[in-house]
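For the single chain, residues carry numbers from 1 onward in sequence order.
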Amino acid sequence: MSDTKTVRTRMAPSPTGEYHIGHIRTLLYNFAFAKQNNGQFVIRIEDTDQKRLVPGAMERILEVIKDYGLSWDEGPDIGGPYAPYVQTERLEIYQKYIQELIDKGAAYYCFCTSERLEQMRETQKAAHQLPKYDRHCLNLSQEEIQKNLDNKVPYVIRLKMPQNETIVFEDLVRGQIKFNTNDVDDQVLVKSNGIPTYHLAAGVDDHLMQISHVLRGDEWISSVPKQFVMYRYLGWEMPKFAHLPVFLDPDGKGKMSKRHGTVSARSFLDDGYLPDALLNFLMLLGWNPGDEREIFSLDDFIKEFKIERLHTKQPIFDRKKLDYFNGLYIRQKTDQELFPYFQKFLPQASESTINILIPLLKERITKFSDLITITKYLFEDVDYDINLLLQKGVDKDLATSFVQKSIELIQSQENFSDTTKLQEKFLNLIAENSWHTGKFFMVFRIALAGVPITPPILETIQIIGKEKAIARLQLALSKLSSV
Ligand code: GLU
């Protein structure tokens, strides 16, 4: 490939379910590489596996990509010079290349029944052989083939792998990879329903769509020799490939799994992670800038990204690190920018409540869904174990007077918006009675919130209102009187 060729990258989602967070990482790298080189980034939908198709999945995948702040130059929704971008709308296109492969003796009809293939596999397994098609149909005569076709015997079309050949392939991440063709199956290119498999469709499309670089998960490495051979038969030049190691779970034992939390791209957004923070975190899961820097905007990343700096080591999906990034990005936002996020996660809160909560809570959360638990006491009735009121040298009488006097103080107030003034009043009350400040507020907090840890407690009165605050304190009194 000449270096002057336009850089065109692609992501080729299969609409078989939710998009994985790992897909967003791979997509981000493809996107950044294309943008950096003034090239194009393409989305192509690989829906040839009709059995695994999930209705609506394509739309959801496109939507989540946009919600991460990423976009594409050509794709199923916006079209482009190589449209259509959905493989089942391209079936006629593949037909031509299938015929060409058959005519060249590079692909062949296979009429084997599933029973026969099953039996073959059993035999191979028993003999500890590699599961591979035994080429039963490779040398059928033209007459036999025609007879079967005339009799409408179901068939698949297989790629004929050359034998005893070492295929050497240069991966941009892993360097040289070698395959012995004897270890590679005669891949099915067209299924019995006439629809091509991934291998044929992706290979043809990468070529026709002029894809120059393919960055993808390394679970696809095994398809390279098949694509390599197919391209050679067709006289095409392969795109350059970079296979990226997939994420590991935090314990480093095995592929990232649901055991440690959510894995779909959408669910991270639903949990209240910011797209910018997620992208920044993902940038570093497989790439580094070569120095200590960690904070990158998408624009910075587009400038800095280098294929040579992609890692070969499997990155660990460290959720604590993601929380750290997200907390950082949350705190960088102005209160005004945070408003819609607070509103989304606290739909029951009024505008004025949200305005009170933002400065109180932005330092205390790592993701917006934390708001739901932290503020639960503001929106729901509280209840708690009486022992929470009677800890650390606070007996029933002392706790009762804490609460009783607090009720009196609150009763006498009309305005709770000036919390500095309110605090002064409470501190005076504490001083007058020679109480211990920490003990007083512990009881007061439990009585108002039902939990021992909350954001600054005096703002609670302003949010829940005088009446509710007094009712909660009265509940504490009645709990105390029953001891
Ligand atoms: N359709 C494949 C997938 O779902 C894409 C594989 C590739 O990038 O070549 O991941």
Side-chain angles (χ1 to χ4, degrees), residues 46-53 84 86-167 169 179-208 220 222-238:
E46 300 199 327
D47 61 344
T48 55
D49 193 350
Q50 295 282 299
K51 271 194 243 128
R52 293 180 56 222
L53 219 63
V86 176
Q87 288 187 328
T88 49
E89 293 169 21
R90 300 173 59 80
L91 298 180
E92 263 174 49
I93 299 174
Y94 306 126
Q95 209 46 50
K96 172 169 168 232
Y97 298 100
I98 275 295
Q99 199 51 55
E100 187 177 333
L101 288 168
I102 292 177
D103 294 345
K104 284 181 166 162
Y108 61 94
Y109 291 97
C110 169
F111 299 96
C112 288
T113 60
S114 46
E115 290 76 23
R116 182 182 178 276
L117 293 174
E118 191 54 42
Q119 207 166 28
M120 178 195 80
R121 259 176 234 124
E122 288 301 318
T123 318
Q124 285 170 340
K125 212 163 127 193
H128 303 290
Q129 288 168 348
L130 216 66
K132 226 176 98 178
Y133 181 56
D134 63 3
R135 305 196 131 180
H136 181 74
C137 293
L138 177 62
N139 295 314
L140 294 182
S141 68
Q142 205 47 50
E143 291 72 41
E144 282 170 296
I145 294 171
Q146 199 51 53
K147 199 172 105 211
N148 281 337
L149 292 178
D150 293 344
N151 289 336
K152 304 239 173 316
V153 179
Y155 65 84
V156 299
I157 295 171
R158 291 181 183 272
L159 180 69
K160 181 181 166 190
M161 282 306 282
Q163 294 300 281
N164 303 315
E165 193 184 319
T166 304
I167 289 176
F169 148 77
F179 290 99
N180 187 320
T181 52
N182 291 3
D183 299 334
V184 185
D185 205 358
D186 280 357
Q187 178 64 46
V188 173
L189 296 180
V190 179
K191 289 172 280 188
S192 55
N193 61 4
I195 296 186
T197 57
Y198 158 77
H199 294 87
L200 179 88
V204 168
D205 286 348
D206 282 344
H207 172 73
L208 293 183
W220 296 97
S222 64
S223 71
V224 173
K226 300 164 187 174
Q227 262 154 320
F228 183 98
V229 164
M230 192 175 87
Y231 268 57
R232 194 171 63 185
Y233 280 133
L234 291 166
W236 295 343
E237 198 176 357
M238 289 267 277

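- Taking a 6.0 Å sphere around OH of Tyr155, one finds it holds 12 or fewer heavy atoms contributed by other residues, nucleotides or ligands.
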**Item:** Verdict with reasoning, Leu189 to Tyr198, per side chain to side chain contact (heavy atoms under 4.5 Å, CB included)
**Value:** CA-CA 8 Å; Leu189 296 180; Tyr198 158 77; over 6 Å; no

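- What you find for Ile167 and Pro225 is that their closest heavy atoms are CD1-O, 4.2 Å.
- With respect to Leu200, the side-chain contact (heavy atoms from CB on, under 4.5 Å) criterion is satisfied by exactly one of Leu101, Ile157, Leu159, Thr48: Leu101.
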**Message:** Working note: Gln87 + Asp205, criterion side chain to side chain donor-acceptor pair (under 3.5 Å); need CA distance, chi angles, decisive distance, verdict.
**Reply:** CA-CA 8 Å; Gln87 288 187 328; Asp205 286 348; 2.9 Å; yes

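- Scanning both residues, Ile195 and Asn193, for their nearest heavy atoms gives N-OD1, 3.0 Å.
- With values rounded to the nearest 0.5 angstrom, Cys137 atom SG is found 4.5 Å from Leu140 atom CG.
- The structure places SG of Cys112 at 13.0 Å from CD of Glu118, a figure rounded to the nearest 0.5 Å.
- The backbone N or O of Pro154 sits nowhere less than 3.5 Å from a side-chain atom of Ser192 that would complete a donor-acceptor pair.
- Using a cut-off of 4.0 Å between Lys/Arg side-chain N and Asp/Glu carboxylate O, Asp47 and Arg52 are scored as not salt-bridged.
- No donor-acceptor distance shorter than 3.5 angstrom exists from the side chain of Gln187 to the backbone of Arg158, with no hydrogens or angles considered.
- Other residues, nucleotides and ligands place more than 12 heavy atoms under 6.0 Å from the CD atom of Gln163.
- To the nearest 0.5 Å, the span separating OG1 on Thr181 from CG on Asn164 amounts to 6.5 Å.
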**Item:** Worked verdict on Phe228 versus Tyr233 for side chain to side chain contact (heavy atoms under 4.5 Å, CB included)
**Value:** CA-CA 9 Å; Phe228 183 98; Tyr233 280 133; over 6 Å; no

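- Counted by atom type alone, Tyr231 and Asp206 present zero donor-acceptor pairs between their side chains at under 3.5 Å.
- Taken from OG1 in Thr123 to CZ in Arg121, the straight-line distance is 11.0 Å, to the nearest 0.5 Å.
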**Request:** Please assess Val156 against Val190 for the test side chain to side chain contact (heavy atoms under 4.5 Å, CB included), listing each intermediate value before the final yes or no.
**Result:** CA-CA 6 Å; Val156 299; Val190 179; over 6 Å; no

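- Pairing each heavy atom of Asp183 with each of Leu130, the nearest pair is O-CD2, 3.6 Å.
- With Asp134 contributing its side chain and His136 its backbone, the two residues share a donor-acceptor pair below 3.5 Å.
- We find the SG-CD1 distance between Cys110 and Ile145 to be 11.0 Å, quoted to the nearest 0.5 Å.
- Looking only at distances, no side-chain donor or acceptor of Glu144 sits under 3.5 Å from a matching main-chain atom of Gln142.
- A side-chain donor-acceptor contact under 3.5 Å links Asp185 to the backbone of Tyr133.
- Under the 4.0 Å criterion applied to side-chain N and carboxylate O atoms, Glu46 and Arg90 are not assigned as salt-bridge partners.
- Atom CD of Gln119 sits in a sparse spot, with 12 or fewer heavy atoms from other residues, nucleotides or ligands closer than 6.0 Å.
- For the atom pair CE (Met120) and NZ (Lys132), the distance works out to 10.5 Å, reported to the nearest 0.5 Å.
- What you find for Lys160 and Leu138 is that their closest heavy atoms are CD-CD1, 3.8 Å.
- Here Asp150 does not pair with Lys147 in a salt bridge; the nearest charged N to carboxylate O distance is not below 4.0 Å.
- Under a 3.5 Å cut-off, the side chain of Asp186 and the backbone N or O of Met161 do form a donor-acceptor pair.
- Counting all heavy atoms, side chain and backbone alike, Trp236 lies closest to Val204 at CZ3-CA, 3.9 Å.
- Under the rule for a side chain to side chain donor-acceptor pair (under 3.5 Å), Tyr109 has no partner lying at least two apart in sequence or in another chain.
- Listed for the Lys226 side chain is no donor-acceptor partner under 3.5 Å among the backbone atoms of His199.
- Across Thr197 and Val188, no two heavy atoms sit closer than the pair OG1-O, 2.8 Å.
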